[in-house]
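A short write-up of the structure that comes next.
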Amino acid sequence: MPSAPALLAYRDGARVHAGTLPTEDELPAVEAKLSELCRAGPRPRAALRLLRTVDRYIMGWVTEEQALRRDAAERARPPFPDEALRDLPLLSEAADVLRMTDHDADFDYGLQATGCGC
């Protein structure tokens with residue numbers, strides 16, 4: 001299961017990886033990850049589902065981050081200008097989340113929010 005930085009290093013890295021299963025040579029590494037997770041409590045089936053959930057979270061995250069980077073490079077004005085949020089008090093209060101550029105911190109927040117504590 002590749003890391004987000006590894007996938008971000010290649011254009012459409014997540015799309016290329018999507019839908020793949022570990023190769024026979026990669027199975028010992030998956031077993032090692034399962035072993036580590038199972039020591040923390042979950043049984044093998046639950047641990048493997050957790051690994052798959054995190055893997056899919058990473059795929060989606062990388063796809064979104066790469067699209068945001070391309071979009072930002074092509075955009076003529078900043079996203080969500082203050083005047084567009086004038087009559088939207090709740091969104092105005094939270095608009096910094098939409099403008100966030102610290103993708104790593106946002107990624108980590110998402111993992112914590114899933115409750116997996118990765």
Side-chain angles (χ1 to χ4, degrees):
M1 295 178 191
S3 67
L7 294 168
L8 284 167
Y10 298 95
R11 179 182 167 94
D12 298 326
R15 289 184 182 172
V16 170
H17 174 74
T20 63
L21 293 172
T23 64
E24 191 173 330
D25 293 341
E26 295 169 327
L27 291 177
V30 175
E31 178 75 9
K33 289 179 183 181
L34 282 176
S35 176
E36 189 174 326
L37 281 171
C38 288
R39 278 195 298 275
R43 301 290 305 146
R45 286 178 54 79
L48 187 56
R49 291 182 88 177
L50 176 60
L51 284 176
R52 190 166 64 174
T53 298
V54 170
D55 186 59
R56 289 177 177 174
Y57 173 79
I58 291 170
M59 294 304 119
W61 188 270
V62 168
T63 300
E64 286 291 323
E65 188 172 334
Q66 287 180 328
L68 284 169
R69 288 178 182 181
R70 280 192 298 272
D71 188 46
E74 297 170 1
R75 186 177 291 138
R77 62 186 249 169
F80 314 105
D82 290 335
E83 62 270 13
L85 301 171
R86 184 177 24 251
D87 297 324
L88 306 168
L90 299 175
L91 194 52
S92 292
E93 184 177 328
D96 63 315
V97 173
L98 296 174
R99 297 173 178 144
M100 187 174 278
T101 58
D102 187 347
H103 299 292
D104 291 339
D106 208 22
F107 177 83
D108 291 343
Y109 174 85
L111 279 179
Q112 293 300 317
T114 66
C116 74
C118 299

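The residues of the chain are indexed from 1 along the displayed sequence.
The CH2 atom of Trp61 sits 13.0 Å away from atom CD of Gln66, with the distance rounded to the nearest 0.5 Å. To the nearest 0.5 Å, atoms CG (Leu48) and CD (Glu31) are separated by 10.0 Å. With rounding to the nearest 0.5 Å, the separation of CG in Leu90 from CG in Leu85 is 11.5 Å. Separation of atoms CD1 (Ile58) and OG1 (Thr63) is listed at 11.5 Å; rounding is to 0.5 Å. The distance from atom OG of Ser92 to atom CG of Asp87, rounded to the nearest 0.5 Å, is 8.5 Å.
The shortest heavy-atom contact between Lys33 and Leu51 is CB-CD1, 3.9 Å. Nearest heavy atom pair, residue Leu27 against residue Pro22, reads CD2-CB, 4.1 Å. When every heavy atom of Pro42 is checked against every heavy atom of Ala40, the shortest pair comes out as CD-C, 3.6 Å. Smallest separation of non-hydrogen atoms from Ala105 and Asp102: N-OD1, 3.1 Å.
A donor-acceptor pair shorter than 3.5 Å can be found between the side chains of Arg39 and Ser35.
Transitive grouping of hydrophobic side chains (ILVMFWY, heavy atoms separated by less than 4.5 Å) keeps Val97 and Leu111 in distinct clusters. Tracing side-chain contacts under 4.5 Å through hydrophobic residues (I, L, V, M, F, W, Y), one never reaches Tyr109 starting from Val54; they form parts of separate clusters.
For the pair Thr53 and Tyr57, the minimum side-chain heavy-atom distance is 4.5 Å or more.
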